[in-house]
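See below for the structure under consideration.
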Amino acid sequence: MYIRPIQKEDLDSLYQLAKNSGVGVTSLPDSKQKMEAKLSQAVASFNKSIPESERIYLFALVEPASQKIAGICALEASIGHEDIWYNYHVGKTVHSSREISVHKITETLYLSNDLTGCSEIATLFLMPDYRKDQNGQLLSRSRYMFLAEFQELFNEQIIAEMRGYSDDNGRSPFWDSLGKHFFHMEFSDADYLTGLGNKVFIAELMPKFPIYVPMLSPAAQASIGKVHPQTEPALAMLKSEGFEPNNYIDIFDGGPTVSVKVKNIRAVRESEIYNVTRSEEAPATDLTDKYGLLLVSNRKFDDFRVLLANKSALNGNSIVLTPEQTEQLQLNEGDTVRAVSLRP
Amino acid sequence: MYLIRPAIFSDLTGIERLLDETEARVTTLPKDRDQLSERIAESKDSFDNASDSEKPSSYLFVMENTGTGELYGTSGIDSEAGNGYPFFNYRLDKIVHASHHLNISSKVSVLFLSHELTGKTLLRSFSISPSLHDTEYFDLLSRARLMFMATQPDKFHQEIIVEIQGIFDDKGNCPFWDAVGRKFFDLDFPTVDYYCSMKSKTFMSELIPQHPVYVPLLPAEAAENIGRNHEAANRICQLLYKEGFYQSKFIDPFDGGPVLKGEIQYTQTYRNIRYKKAYPAEISNGMRYLISNRSHEDFRCVVGTLVEGIGDSVRIPPDVAEALNVEKGDSIAFSLL
């Protein structure tokens, strides 16, 4: 399996993927028209034919034999430029009176656009059949190799929005206690509209004044900054790379935002450049050896590739790769690669 | 005869007894002797220095049975709500959340903290003995204040406000308070009510939430109680509506009770005031009137029977003249009950 930039020809596969993603993965619209727009934006980003701040880099996880797309992931160069980027900032209000000995700290949600301009670890979706063999890890972490290589194209600060808590019936307590009062709409409907690209319209309907957390239902209070159970692994992966919750949450479901400086991401910091030796003798990739794997990227921009190799392939400042691997990485004579341990 | 007159220090025990026997809460009258005594002192200053003082005035009246000397009610006026400090209310307003694109428009009620009523004339401290609750003396006790304002109208802000008791139960549970203030004050309603009468109002500005409160986020019961009065206040509300008061957008920040608003010159009592020279004499029949003297310092007001007539003097019963401390030829004011 390897990672490559998305291409024009991927439209149909992408559309299938979106249909599979269901409620909660709001960044994948299931309308073909929107998908096409998203795709051409990605293609233009790799062509560098649009300004840096408008670029969204979409990557595909490809099965080499079938050339099938098993998953996608994205990096957004700068959020909140075309549309307005909203979060609630989870802040505090302190009320204090010496006269009657009361000192009370109240969590307060402030509607904010503070994260405007940050880069974002965006969409990630992996087809269910491929949720094995380190594919999720490769798909998600391959982006750090791109960031490491092209830091200047991104903001210093990078964020990821995590899907918030909702129950088995798709009900979000946070939405039910807050957003719903302003829309009279179920969470799944609002989420659907969001996926269609209406997020900013919905955001415009959200309450603009700060919200005192104790005025929300206990279930809603408990879901502030809490991720969906299915998102726990993704959160753990981001945390292992250095991402931390930053007190910003999603205005709809209360899911947390996590952030880190690009230069402090574990994979960015620890990755190194290696000379490539091509050899039939190179070790085969053992996907069962979780901690013995490397992310290897070809350092190219418009034909960016990443795959997994074994750590035993490293020898000083060289790496030995099979002809098949060099092929998948589109390496030419004398090219170098960037590599880092897949896991911290 | 029941007489309205300024409160004096010797009324202290009488007022205490009265407060014990009335059920309705009277936040503006503390059940603490020192504080109560201070209130009387402030009131006395206000009556004495009315003409030359720039300071806010705070008047306290009592209703006395002239036969027994017993007290049956209290009522008060602050010439400036807040007495020089911010006067807190929530203003109930609407915000429309609309999106043409999504074809959604929803009107959301929001409570905004407001000091707008600061400095208006405030009617307060109304308490009446239950035995007189359904009599004309209820009207006397409340409306005498408008007769008083007529003695020196320039002293008062044209707009008058009255805070009406909101909804809470016998145990002191107040749904509005529990949903809003309690989350920031950490005190139950009876306690905060007590503090309100006892402490300075500084704690109020320190603790009250400054951000607007979205009504739909409140529990249904609390939201429903916004702007609704306690049933013990039904009678006073009726009386004030008849006077020309109306329910404003403002509510009490503690219990959510309504604030009624009116304008002095458009109140029934004030508009119908006539001034004539007193002519003490027996009267066989006539109409019931509020009758007062024209003194600011020694204001007195009773209910009595008059025949209005067309001359510049009017017969008043001798006992009324005596209660009002007026003699033949003194100017009096009267307004139809």
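First the proteins, then the strands, lettered A, B, ... as listed; each starts at 1.
- The part of B/Ile95 that comes within reach of chain A is its side chain, from C-beta onward, which places non-hydrogen atoms under 4.5 angstrom from that chain.
- Annotation for B/Gln210 and A/Tyr212: closest pair N-OH, 3.1 Å, computed over non-hydrogen atoms.
- Interface remark: A/Ser217 contributes no atoms to any contact with chain B (heavy atom separation under 4.5 Å).
- How far CZ of A/Arg98 is from CD of B/Glu206: 9.0 Å, rounded to the nearest 0.5 Å.
- By the neighbour-count criterion of 12 heavy atoms within 6.0 Å, atom NZ of B/Lys44 is sparsely surrounded, having that number or fewer from other residues, nucleotides or ligands.
- Top candidate by heavy-atom pairs under 4.5 Å with chain A, chosen from B/Val108, B/Leu217, B/Leu218, B/Leu207, is B/Leu207.
- In terms of heavy-atom pairs under 4.5 angstrom with chain A, the leader among B/Pro212, B/Ser105, B/Ala98, B/Ser106 is B/Pro212.
- A heavy-atom distance below 4.5 Å is found between the side chains of B/Val180 and A/Met215.
- Two rings, from B/His211 and A/Phe209, have their centers 6.0 Å or more apart.
- To the nearest 0.5 angstrom, A/Ile100 atom CD1 is 6.5 Å from B/Phe185 atom CZ.
- At a 4.5 Å heavy-atom cutoff, B/Pro219 makes no contact with chain A through either its backbone or its side chain.
- For the atom pair OG of A/Ser101 and CG of B/Asp186, the computed distance is 12.0 Å after rounding to the nearest 0.5 Å.
- Contacts of A/Ser96 with chain B are made by backbone atoms alone, with heavy-atom separations under 4.5 Å and no side-chain atom involved.
- Contacts of A/Ile211 with chain B are made by side-chain atoms alone, with heavy-atom separations under 4.5 Å and no backbone atom involved.
- For B/Val213, the part lying near chain A is the side chain, with the backbone staying farther off; criterion is any non-hydrogen pair under 4.5 Å.
- Here the OG atom belonging to A/Ser97 is positioned 12.5 Å from the CD1 atom belonging to B/Ile208, to the nearest 0.5 angstrom.
- For B/Phe184, the parts lying near chain A are the backbone and the side chain together; criterion is any non-hydrogen pair under 4.5 Å.
- Both the backbone and the side chain of A/Leu205 come within less than 4.5 Å of a heavy atom of chain B.
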